[in-house]
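Below: the structure, in structure tokens.
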Amino acid sequence: DKGRLSKEEIERMVKDAEKFKGEDDVQRDRISAKNALESYAFNMKSTVEDDKLKDKISEDDKKKVTDKCNEVISWLDANQMAEKDEYEFQQKELEKVCMPIVTKL
């Protein structure tokens, strides 16, 4: 049986995997929320800076969206290990600024 795992070793590995599954799920959800926020911020910024839309959006609205996106991007840079709910809160705050402006387009 050289090189093979014993029954005890296999059971220990299964228990460890089950133990860490919950932590893995939390991490995956946290990273997913972070990625969603980052993507949304960059997409909104890109949208309002698009040359094709410059006649459809006021400079004031463009500045509001761009400033809020930059604020969120800076926050992301400073808070790489934030919790899922913090990322979701930042996304809701960004959407409050962007949605009314983008729906006019």
Side-chain angles (χ1 to χ4, degrees):
D1 283 345
K2 192 174 173 183
R4 297 189 67 175
L5 297 171
S6 70
K7 185 174 180 167
E8 292 80 24
E9 289 173 313
I10 292 170
E11 287 174 5
R12 181 186 51 78
M13 291 172 73
V14 169
K15 282 181 185 164
D16 285 348
E18 289 168 355
K19 182 173 81 176
F20 294 122
K21 183 186 182 316
E23 293 172 25
D24 291 346
D25 290 346
V26 169
Q27 280 290 71
R28 185 186 62 244
D29 291 347
R30 186 183 72 76
I31 291 168
S32 179
K34 175 180 174 265
N35 290 344
L37 173 59
E38 190 172 50
S39 176
Y40 187 79
F42 281 109
N43 284 336
M44 284 297 108
K45 189 175 175 190
S46 173
T47 297
V48 299
E49 291 175 346
D50 189 336
D51 283 342
K52 295 174 194 156
L53 300 176
K54 68 181 173 189
D55 297 333
K56 297 179 181 176
I57 187 169
S58 72
E59 280 302 315
D60 187 46
D61 282 349
K62 181 177 175 180
K63 182 173 176 14
K64 279 183 200 169
V65 172
T66 303
D67 288 352
K68 186 63 178 175
C69 287
N70 287 335
E71 176 189 319
V72 168
I73 292 165
S74 294
W75 181 88
L76 273 163
D77 289 342
N79 294 279
Q80 291 290 312
M81 297 305 293
E83 295 300 320
K84 176 186 172 194
D85 59 341
E86 293 174 282
Y87 292 124
E88 289 173 344
F89 173 80
Q90 289 291 328
Q91 179 142 353
K92 284 184 177 90
E93 292 299 300
L94 181 55
E95 287 171 355
K96 284 181 194 173
V97 173
C98 296
M99 282 302 190
I101 294 168
V102 173
T103 52
K104 287 191 258 180
L105 302 175

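For reference, positions follow the sequence shown, starting with 1.
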Worksheet entry | Within 6.0 Å of CZ in F20, more than 12 heavy atoms from elsewhere | yes
Take E71 and D67 through the test side chain to side chain contact (heavy atoms under 4.5 Å, CB included) and record every step on the way to the result. CA-CA 6 Å; E71 176 189 319; D67 288 352; over 6 Å; no
Distance col, row K68:NZ vs I73:CD1, nearest 0.5 angstrom, shows 12.0 Å
d(C98 SG, Q91 CD) to nearest 0.5 Å is 9.5 Å
So, the side chain of S39 versus the backbone of N35: is there a donor-acceptor pair under 3.5 Å, distance only?
no
dist Q90:CD -> E38:CD (nearest 0.5 Å) comes out at 13.0 Å
In this structure, CG of N70 is separated from CH2 of W75 (nearest 0.5 Å) by 15.5 Å
For residues 18-33, the side chain to side chain donor-acceptor pair (under 3.5 Å) pairs (sequence neighbours left out) are K21-D25, D25-R28, Q27-R30
Here the gap from I101 atom CD1 to K63 atom NZ, rounded to the nearest 0.5 Å, amounts to 12.0 Å
Shortest non-hydrogen pair, V72 vs A41, comes out as CG1-CB, 4.2 Å
Quick note, salt bridge (Lys or Arg N to Asp or Glu O under 4.0 Å) partners involving residues 51-60, not counting sequence neighbours, are D60-K64
Check the hydrophobic clustering (I, L, V, M, F, W, Y; side-chain heavy atoms under 4.5 Å; chains of links allowed) and say if Y40 and L105 are grouped together.
-> yes
Taken to the nearest 0.5 Å, the spacing of L37 CG from E95 CD works out to 9.0 Å
Path from V65 to L53 over hydrophobic side-chain contacts below 4.5 Å: yes
Closest non-hydrogen atoms of D61 and I57, given as atom of the first, atom of the second and distance, are CB-CG1, 3.8 Å
With a 4.5 Å cut-off on side-chain heavy-atom distances among I, L, V, M, F, W and Y, is there a chain of contacts connecting V48 to M99? yes
inquiry  = Quick check: do M44 and V97 have side-chain heavy atoms less than 4.5 Å from each other?
reply    = no
